[in-house]
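Worksheet for the structure shown next.
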Amino acid sequence: MIIIKIILTTSDNNDLNAKVDKQFGRAPFFALLETDNLEISFLDNSAANASSGAGVMAAQQVVDEDPAAVIAGNFGPKAFSVLKAAGIKMYSYSGDTVRDAVKLYQDDSLKELLDPTNGAHAGLK
């Protein structure tokens with residue numbers, strides 16, 4: 001059995017019902033999920049409150065976890081470049097929970113992104 005690890009940005013760190021966050025670089029948490037058994041764990045996004053460079057720092061944190069794919073609401077151009085250079089596929093998801101996003105991913109219903117979804121600094125609060 002092939003175990004595929006994916007990462008999703010989340011607004012909370014509860015379980016598979018965690019809300020997928022629309023931001024990549026400033027999302028509070030990353031959900032690490034193994035698609036074969038839906039085992040999930042969470043990491044604090046150390047870049048969420050950075051004064052600048054959150055997208056690149058968050059992308060490097062994700063790269064260090066070596067996932068096959070990342071699902072978030074949006075990706076800015078710098079984070080997109082870092083993830084793309086690492087060979088990590090990116091998918092945009094505008095729905096609700098991790099559980100729903102993973103189901104679409106497993107059904108091959110999410111479209112892989114070929115370009116960033118946002119301009120630079122779009123994630124600033």
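- Atoms CG and NZ, from Leu83 and Lys78 in turn, are 14.5 Å apart once rounded to the nearest 0.5 Å.
- In this view, Thr97 and Asp100 satisfy the side-chain hydrogen bond (donor to acceptor under 3.5 Å, both in side chains) rule, not counting sequence neighbours.
- In this structure the side chain of Glu65 reaches within 4.5 angstrom of the side chain of Ile7, judged on heavy atoms.
- For the side-chain hydrogen bond (donor to acceptor under 3.5 Å, both in side chains) test, residues two or more places apart in sequence or in another chain that qualify with Asp12 are Asn14.
- Going from atom CG of Leu104 over to atom CZ of Arg99 covers 13.0 Å, rounded to the nearest 0.5 Å.
- Here ring pair (Phe, Tyr, Trp, His ring centres under 6.0 Å) pairs that include residues 27-72, with residues two or more places apart or in two chains, are Phe24-Phe30.
- Residues Ile40 and Val98 meet the side-chain proximity criterion, which asks for heavy atoms closer than 4.5 Å.
- Here Tyr93 pairs with nothing under the ring-ring contact (aromatic ring centres under 6.0 Å, His included) rule; sequence neighbours left out.
- Residues passing the side-chain hydrogen bond (donor to acceptor under 3.5 Å, both in side chains) test with Asp21 are Ser11, sequence neighbours excluded.
- Every side-chain contact (heavy atoms from CB on, under 4.5 Å) that Lys84 has, sequence neighbours left out, goes to Phe80, Met90.
- Taking CG of Leu113 as the start and NZ of Lys89 as the end, the distance is 12.0 Å to the nearest 0.5 Å.
- A donor-acceptor pair under 3.5 Å is formed between the side chain of Asn45 and the backbone N or O of Ala27.
- A distance of 9.5 Å separates CG of Leu16 from CG of Leu8, quoted to the nearest 0.5 Å.
- Although no hydrogens or angles enter the test, the distance criterion places a donor-acceptor pair under 3.5 Å between the side chain of Ser92 and the main chain of Gly73.
- One distance of note links NZ of Lys5 with OG of Ser41; it measures 8.0 Å at 0.5 Å rounding.
- Within the structure, every pair that satisfies the side chain to side chain donor-acceptor pair (under 3.5 Å) test and touches residues 106-115, not counting sequence neighbours, is listed here: Lys103-Asp107.
- Partners of Ala68 according to the side-chain contact (heavy atoms from CB on, under 4.5 Å) rule, which considers only residues two or more places apart in sequence or in another chain, are Ile4.
- Residues meeting the salt bridge (charged side-chain N to carboxylate O under 4.0 Å, His left out) test with Asp96, sequence neighbours left out: Lys19.
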Donor-acceptor contacts under 3.5 Å from residues 55-62 side chains, at least two apart:
| from | atom 1 | to | atom 2 | distance (Å) |
| --- | --- | --- | --- | --- |
| Gln60 | NE2 | Asp64 | OD1 | 2.9 |
| Gln61 | OE1 | Ser46 | N | 3.1 |
| Gln61 | OE1 | Ser46 | OG | 3.1 |
| Gln61 | NE2 | Asp44 | O | 2.9 |

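- To the nearest 0.5 Å, the span separating CD1 on Ile71 from OG1 on Thr10 amounts to 12.0 Å.
- Summarising the geometry of Tyr91 relative to Phe75, their closest heavy-atom pair is O-CE1, 3.5 Å, with the distance given to 0.1 Å.
- Of all heavy-atom pairs between Pro28 and Ala48, the closest is CA-CB, 4.3 Å.
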(request) Take Val70 and Ile6, measure what side chain to side chain contact (heavy atoms under 4.5 Å, CB included) needs, and give me the verdict at the end. (result) CA-CA 6 Å; Val70 179; Ile6 64 173; over 6 Å; no
